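Reading through the structure tokens given below for one structure.
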Amino acid sequence: RQLSASDWTSPAREWLERLLVYRKLVRGGLRAAVRTQMPRTAARLGPLFDAYVDDFVTERAPRSRYLRDVPFEFLDWAAPRLAADPRAAPYLVDLARHELSEYAAGSAPDAPAGRPDPELALDRGAVFDPSAHLLRHAYAVHELSADLDARDAPPERETFLLAYRDAEDEVRWLALTPLAGEVVARLLAGDPLGAAVAGACGAGGHPTTDGVLASI
């Protein structure tokens, strides 16, 4: 019901004030979780960042009970909006995905005990560490400064990065050529090596010559 003037002098006022404090705390916690995992994206968005998080909470709200999942849910929601927002730099969605990839690789399960057969064969697939995943960006955001105050812009260039966690549990990214990126994408999807190479060469218009195959 609509509140009258008398309601604001009743216990309803105290209840509403508590509700607003709780609302502020919840939103602040969600905002901090997103900022922690994509600090450079948040810094480059400036005041837009808080507005986007507020709209996310209002329109959708997190589905997961874990704070670590909130930034990923936020970006799924925000990506198409940021891409269409003239106030946001066009590379920011790629930067946000790049920043979140560090958490995705860092929190991935460990590889099973024992090592698979290291021999490669055209009729067999490849076994990747569970942390490995491929990023495909329109901008070379991995070349940006790590300084939160930096506002440099990345070159607009198709970029493939293989994110993974190494033996010392450090998250790293390996820059790949477009052809190698297409091959790895197919290998990650489960294709045998021969089919992955043939498919990547076909998609990129590369002849399957001995030189191309040897380089792969």
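What you see below is based on every heavy atom in this structure, not just the backbone, and it leaves out hydrogens, waters and symmetry mates. Keep in mind it's a predicted model, so treat the numbers as computed, not measured.
- The hydrophobic cluster containing Leu100 does not contain Val171, counting ILVMFWY residues as joined when their side-chain heavy atoms lie under 4.5 angstrom apart, directly or transitively.
- Look at Arg68 and Glu73 and you find no salt bridge, because none of the NZ, NE, NH1 or NH2 atoms lies under 4.0 Å from a carboxylate O.
- Considering all non-hydrogen atoms of both residues, Ala104 and Phe72 come closest at N-CZ, 4.2 Å.
- The OG atom of Ser101 lies 11.5 Å from the NE2 atom of His142; values are rounded to the nearest 0.5 Å.
- Cluster membership for Phe128 and Leu174, using ILVMFWY side-chain heavy atoms within less than 4.5 angstrom, is shared.
- The shortest distance between side-chain heavy atoms of Pro178 and Glu158 falls below 4.5 Å.
- A salt bridge links Arg136 to Glu182: at least one charged side-chain nitrogen sits closer than 4.0 Å to a carboxylate oxygen.
- For the residue pair Asp129 and Ser131, a side-chain donor N or O sits within less than 3.5 Å of a side-chain acceptor on the partner.
- Ionic pairing of Arg31 and Asp54 is present here: one or more N-O contacts between side-chain nitrogen and carboxylate oxygen are shorter than 4.0 angstrom.
- Nearest heavy-atom pair across Ala79 and Val93 is O-CG2, 3.7 Å.
- Taking 4.5 Å as the limit, every side-chain heavy atom of Asp110 sits out of range of all side-chain heavy atoms of Pro130.
- In this structure the side chain of Thr36 reaches within 4.5 angstrom of the side chain of Tyr103, judged on heavy atoms.
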- Query: Which is it for His133 and Leu188 under the side-chain contact (heavy atoms from CB on, under 4.5 Å) test, yes or no, and what are the steps along the way?
  - Reply: CA-CA 8 Å; His133 59 278; Leu188 284 168; 5.6 Å; no
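- Leu120 and Leu162 fall within a single hydrophobic cluster, where Ile, Leu, Val, Met, Phe, Trp and Tyr are joined by side-chain heavy atoms under 4.5 Å apart, directly or via other members.
- When atom types are taken as modelled, the side chain of Asp94 and the backbone of Ala138 share a donor-acceptor pair closer than 3.5 angstrom.
- Glu59 has a carboxylate O that lies under 4.0 Å from a charged side-chain N of Arg81, or vice versa, which qualifies the two as a salt bridge.
- Contact check for Leu30 versus Pro62: side-chain heavy atoms found under the 4.5 Å cut-off.
- Between His98 and Thr41 the shortest side-chain heavy-atom distance does not fall below 4.5 Å.
- Of the charged side-chain nitrogens involved, at least one lies within less than 4.0 Å of a carboxylate oxygen, so that Arg44 and Asp152 count as a salt-bridged pair.
- Note: the hydrophobic cluster containing Leu48 also contains Val70 (ILVMFWY, side chain heavy atoms under 4.5 Å, direct or indirect links).
- With salt bridges taken as basic N to acidic carboxylate O contacts below 4.0 Å, none links Asp76 and Arg63.
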Hey, can you pull the donor-acceptor pairs under 3.5 Å for the side chains in residues 194-202, sequence neighbours left out?
none

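- Contact detail for Gly29 and Leu67: the closest heavy-atom pair is O-CD2, 4.4 Å.
- Leu161 and Met38 are not part of a single hydrophobic cluster, where members link through side-chain heavy atoms under 4.5 Å apart.
- When atom types are taken as modelled, the side chain of Arg172 and the backbone of Arg165 share no donor-acceptor pair closer than 3.5 angstrom.
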- Item | Steps toward side-chain contact (heavy atoms from CB on, under 4.5 Å) verdict (Arg124, Leu193) | CA-CA 6 Å; Arg124 298 169 62 186; Leu193 178 59; over 6 Å; no
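- Closest heavy-atom contact between Arg97 and Leu135: O-CD2, 4.3 Å.
- Of the inter-residue distances, the one linking Leu45 atom CG with Arg40 atom CZ reads 13.0 Å to the nearest 0.5 angstrom.
- The closest side-chain heavy-atom distance from Val141 to Thr159 is not below 4.5 Å.
- In plain terms, the two heavy atoms of Ala33 and Pro71 that are nearest each other are O-CG, 3.4 Å.
- For Phe74, the ring pair (Phe, Tyr, Trp, His ring centres under 6.0 Å) partners are Phe56, not counting sequence neighbours.
- The shortest side-chain heavy-atom distance between Leu134 and Phe160 falls under the 4.5 Å cut-off.
- Minimum interatomic distance between Leu144 and Ala153 (heavy atoms only, all atoms of both residues): CD2-C, 3.8 Å.
- For the atom pair Gln37 CD and Glu102 CD, the distance stands at 9.5 Å (nearest 0.5 Å).
- Under the 4.5 Å side-chain criterion, counting only non-hydrogen atoms from C-beta, Tyr139 is not in contact with Arg157.
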- Start with the C-alpha distance between Trp77 and Tyr52, add both sets of side-chain angles, then the distance that settles side-chain contact (heavy atoms from CB on, under 4.5 Å), and finish with yes or no. CA-CA 10 Å; Trp77 173 87; Tyr52 264 84; 3.8 Å; yes
